[in-house]
Participant: 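This is the structure I want to talk about, given as structure tokens.
Positions are given from 1 along the sequence.
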Amino acid sequence: MRSGARKGAARESAVPARALLALIAGSLVLAISVGLRQSFGLFVGPISLDLTLSTGAVGLAVAIQQLLWGATQPFAGMLADKFGTRLVLIPGALAYAAGLAVIAGANGAGSLQLGFGLLIGTGLSGAGFSIVFAAIARAVPAPWRSAAAGIASAGGSIGQFIFAPVGQWLIAHQGWPTSLMIYALIALLMAPLAFALAPAGAAAGPAGGGISLREAIGEACGDRSYWLLNAGFFVCGFHVAFVSTYLPGVAALCGLPPAAGATGLAIIGAANIVGSTLAGVLGGRYPMKWLLAIIYFTRAAAIGVFLVVPRTQTVFLVFALVLGFTWLGTVPLTSGVVATIFGSRYLASLFGIVFFSHQLGAFFGAWLGGRFFDATGSYDIVWQVAGVLAVVAGLLHLPIREHQLVPA
């Protein structure tokens with residue numbers, strides 16, 4: 001009897017080839033979608049200069065992208081939960097590539113809002129974290145889900161590590177329009193990866209206790225921990241959008257060469273390969289709410305130090321390194337808490353709603369960064385806001401209960 005139980009547990013905890021294929025494909029999708037997205041800050045300065053637009057005007061287009069990404073994410077998640085991952089990932093990849101092509105031919109703010117905002121914003125909802133994590137969660141045995149989400153999240157950072165210096169080189173040697181067209185061709189590669197991430201017949205997954213999507217959303221809306229997750233993830237979105245959009249501009253204000261901004265973004269990506277993977281592994285062993293609180297408190301401390309010390313190149317790069325360790329580690333942990341409470345059946349939908357909160361924060365991070373820079377010539381006020389929000393987010397995660405309401 002005990003021998004049979006041990007064999008059953010071993011089979012449950014083993015990672016089948018199908019799960020490994022989904023994990024690799026999902027990591028590559030995020031490497032492209034997130035990696036390209038996190039290097040957009042390199043284009044803000046050149047686009048502003050060539051099109052004679054203010055930093056705030058370009059920042060608004062990126063902010064619209066963040067808002068539309070979040071607003072469409074729950075609906076993309078619902079479609080994926082009901083009809084399968086391919087239905088949203090392939091159109092998402094096509095919209096993403098089309099948006100990059102539109103920006104490459106932009107002649108004013110309207111073109112940027114169409115490309116950066118509408119097309120890439122909706123494209124990211126089909127090729128972003130919620131869709132990929134849900135597909136992986138259905139393919140990977142429950143004991144490995146947190147670690148798998150951390151590895152997939154690290155895939156986004158591998159992309160950032162690659163595309164930040166590549167983007168800087170392309171802009172310097174080919175100009176930003178050609179660089180964006182090359183990015184568009186790369187974005188198209190996400191479409192065929194959908195077939196490896198979600199093969200035919202891999203649609204909605206297990207029954208999740210037999211409850212409907214409406215009932216699952218009702219359970220979530222009545223759960224205090226779910227709302228605390230939403231509030232905390234708002235802060236993460238504010239941080240990520242502000243830093244990824246304006247870090248090259250921050251480097252310029254510190255008197256550093258243009259390459260320093262790209263190096264900073266690359267360091268964030270490289271450090272997060274370790275940070276996200278570690279967060280996912282630790283999330284399978286320790287309460288995820290404590291790990292999330294530690295991440296936000298660490299960000300608050302790093303921002304506080306950066307505001308008061310002389311901003312030399314060494315300080316700038318060390319700051320980027322610390323941010324990198326905490327960068328996207330929040331994503332597998334936050335999705336992990338959602339999966340723990342509500343199961344994996346409707347993870348794309350329920351995490352999609354939480355991600356909408358993330359993108360509301362991202363809208364304000366991208367928009368306020370440009371607005372305050374145009375008004376004051378500095379990003380310091382936004383850094384101060386980011387630091388205070390990090391402390392608040394850390395505190396919000398402490399009372400979360402990682403209790404199981406719906407079978408996994």
Participant: Using only atom types and a distance under 3.5 Å, with no angle test, would you say the side chain of Tyr296 pairs donor to acceptor with the backbone of Gly232?
Facilitator: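 Between the backbone of Gly232 and the side chain of Tyr296 there is a qualifying donor-acceptor contact (under 3.5 Å).
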Participant: What residue pairs, at least two apart or across chains, pass ring pair (Phe, Tyr, Trp, His ring centres under 6.0 Å) with a residue in residues 93-125?
Facilitator: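 Matches after skipping sequence neighbours: Phe40-Phe116.
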Participant: Go through the steps to decide whether Val88 and Phe83 satisfy the test side chain to side chain contact (heavy atoms under 4.5 Å, CB included), and finish with yes or no.
Facilitator: CA-CA 9 Å; Val88 294; Phe83 299 108; over 6 Å; no
Participant: Does a side-chain heavy-atom distance below 4.5 Å link Asn230 with Phe234?
Facilitator: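 They are not in side-chain contact.
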Participant: Can a donor-acceptor pair be found, under 3.5 Å and without considering hydrogens, that links the side chain of Tyr346 to the backbone of Glu215?
Facilitator: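 Answer holds: no.
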Participant: Say whether Gln73 and Trp69, considering side chains only, have a donor N or O and an acceptor N or O under 3.5 Å apart.
Facilitator: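 Yes, because at least one side-chain N or O of Gln73 sits under 3.5 Å from a partner of the opposite role on Trp69.
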Participant: Side chain of Ser179, backbone of Ile171: donor and acceptor closer than 3.5 Å?
Facilitator: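 Such a contact is found between Ser179 side chain and Ile171 backbone.
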Participant: What's the separation between atom CD1 in Ile90 and atom CZ in Phe195, rounded to the nearest 0.5 Å?
Facilitator: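 One gets 4.0 Å once the value is rounded to the nearest 0.5 Å.
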Participant: For residues Thr330 and Arg299, determine if any side-chain heavy atom of one lies less than 4.5 Å from a side-chain heavy atom of the other.
Facilitator: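 The answer is yes; the side chains approach within 4.5 Å.
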Participant: Work out which heavy atom in Ala220 is nearest to a heavy atom in Leu350; give both atom names and the distance.
Facilitator: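 In this case the closest contact between Ala220 and Leu350 is CB-CD2, 4.0 Å.
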Participant: To the nearest 0.5 Å, what is the distance between CG on Leu112 and CG on Leu60?
Facilitator: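 Leu112 CG to Leu60 CG: 10.0 Å, rounded to 0.5 Å.
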Participant: Is Ile131 close to Val29 at the side-chain level, that is, under 4.5 Å between some pair of heavy atoms?
Facilitator: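 The answer is no, as the side chains (C-beta and beyond) never meet within the 4.5 Å cut-off.
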Participant: Working note: Val331 + Phe233, criterion side chain to side chain contact (heavy atoms under 4.5 Å, CB included); need CA distance, chi angles, decisive distance, verdict.
Facilitator: CA-CA 9 Å; Val331 180; Phe233 220 33; 4.1 Å; yes
Participant: Work out which heavy atom in Thr122 is nearest to a heavy atom in Leu119; give both atom names and the distance.
Facilitator: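 Taking every non-hydrogen atom into account, OG1-O, 3.2 Å.
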Participant: State, with a plain yes or no, whether a side-chain heavy atom of Pro399 is found less than 4.5 Å away from one of Arg224.
Facilitator: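 Yes, close enough: below the 4.5 Å cut-off.
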Participant: Find the distance between CG (Leu197) and CG (Leu23) and round it off to the nearest 0.5 Å.
Facilitator: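 Between atom CG of Leu197 and atom CG of Leu23 there are 9.5 Å.
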Participant: Would you find a donor on one side and an acceptor on the other, under 3.5 Å apart, between the side chain of Ser276 and the backbone of Ile273?
Facilitator: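 Judged by distance alone, no pair lies under 3.5 Å.
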Participant: So, does Thr277 use its side chain to make a donor-acceptor pair with the main chain of Val274 at under 3.5 Å?
Facilitator: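 Checking the backbone N and O of Val274 against the side chain of Thr277, no donor-acceptor pair under 3.5 Å is found.
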Participant: Is a side-chain N or O of Trp327 found less than 3.5 angstrom from the main chain of Val240, in a donor-acceptor match?
Facilitator: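 Not a single qualifying donor-acceptor pair exists.
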Participant: Indicate yes or no: at least one non-hydrogen side-chain atom of Ile295 is less than 4.5 angstrom from one of Leu333.
Facilitator: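 Sidechains of Leu333 and Ile295: in contact.
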Participant: Drop me the distance from Thr263's OG1 to Leu256's CG, to the nearest 0.5 angstrom.
Facilitator: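 Thr263 atom OG1 to Leu256 atom CG measures 10.0 Å (nearest 0.5 Å).
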Participant: After noting the C-alpha distance and the side-chain angles of Phe319 and Val250, does the key distance pass the side chain to side chain contact (heavy atoms under 4.5 Å, CB included) rule?
Facilitator: CA-CA 12 Å; Phe319 177 56; Val250 172; over 6 Å; no
Participant: If the condition is ring-ring contact (aromatic ring centres under 6.0 Å, His included), which residues does Phe43 pass it with, not counting sequence neighbours?
Facilitator: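 Checked Phe43 against ring-ring contact (aromatic ring centres under 6.0 Å, His included); matches are Tyr183.
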Participant: So which heavy atom on Ala362 is nearest to which on Ala241, and how close?
Facilitator: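 Looking at all heavy atoms of both residues, the shortest contact is O-CB, 3.3 Å.
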Participant: Indicate yes or no for a side-chain donor-acceptor contact from Tyr379 to the backbone of Gly369 under 3.5 Å, with no hydrogens or angles considered.
Facilitator: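 No, the answer is negative, given that no donor and acceptor are paired below the 3.5 Å cut-off.
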Participant: Starting at OG1 of Thr314, measure out to CG of Leu321 and round the result to the nearest 0.5 Å.
Facilitator: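 That separation rounds to 12.0 Å.
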Participant: Got a second to check how far Gln38's CD is from Ser244's OG, nearest 0.5 Å?
Facilitator: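 Spacing of CD (Gln38) from OG (Ser244) equals 4.5 Å.
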Participant: Quick check: do Val382 and Phe373 have side-chain heavy atoms less than 4.5 Å from each other?
Facilitator: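 Heavy-atom side-chain distance check fails, nothing below 4.5 Å.
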Participant: For Glu402, does its backbone N or O pair with a side-chain atom of Thr340 as donor and acceptor, under 3.5 Å?
Facilitator: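 No; zero donor-acceptor contacts below 3.5 Å.
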Participant: Shortest non-hydrogen contact from Gly329 to Ala279?
Facilitator: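 In this case the closest contact between Gly329 and Ala279 is O-CB, 3.8 Å.
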Participant: Taking all non-hydrogen atoms of both residues into account, name the closest pair between Leu42 and Ala164 and its distance.
Facilitator: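 Smallest interatomic distance, heavy atoms only, reads CD1-O, 3.2 Å.
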Participant: Can you give each donor-acceptor pair under 3.5 Å made by side-chain atoms of residues 383-394, sequence neighbours left out, with the distance rounded to 0.1 Å?
Facilitator:
none

Participant: If you compare all heavy atoms of Val354 against all heavy atoms of Tyr226, which two are closest, and at what distance to 0.1 Å?
Facilitator: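 Scanning both residues completely, I find the closest heavy atoms to be CG2-CE1, 3.4 Å.
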Participant: Under 3.5 Å, is there a donor-acceptor pair between the side chain of Gln66 and the main chain of Gln359?
Facilitator: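 A pair under 3.5 Å: no.
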Participant: So, do Thr334 and Phe355 sit near enough that their side-chain heavy atoms are less than 4.5 Å apart?
Facilitator: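 Heavy-atom side-chain distance check fails, nothing below 4.5 Å.
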Participant: Start with the C-alpha gap between Leu278 and Phe325, add the side-chain angles, then the distance that decides, and say whether side chain to side chain contact (heavy atoms under 4.5 Å, CB included) holds.
Facilitator: CA-CA 9 Å; Leu278 184 62; Phe325 278 117; over 6 Å; no
Participant: Tell me whether Thr245 contacts the main-chain N or O of Phe242 through its side chain, where contact means a donor paired with an acceptor under 3.5 Å.
Facilitator: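 Pair absent, no side-chain N/O of Thr245 close to backbone of Phe242.
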Participant: Measure the shortest side-chain to side-chain distance between Phe163 and Ile186 over non-hydrogen atoms and say whether it is less than 4.5 angstrom.
Facilitator: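 Touching, per the 4.5 Å side-chain cut-off.
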Participant: Would one find more than 12 heavy atoms of other residues, nucleotides or ligands at under 6.0 Å from atom CZ of Phe297?
Facilitator: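 Counting neighbours around CZ of Phe297, more than 12 heavy atoms of other residues, nucleotides or ligands fall under 6.0 Å, so yes.
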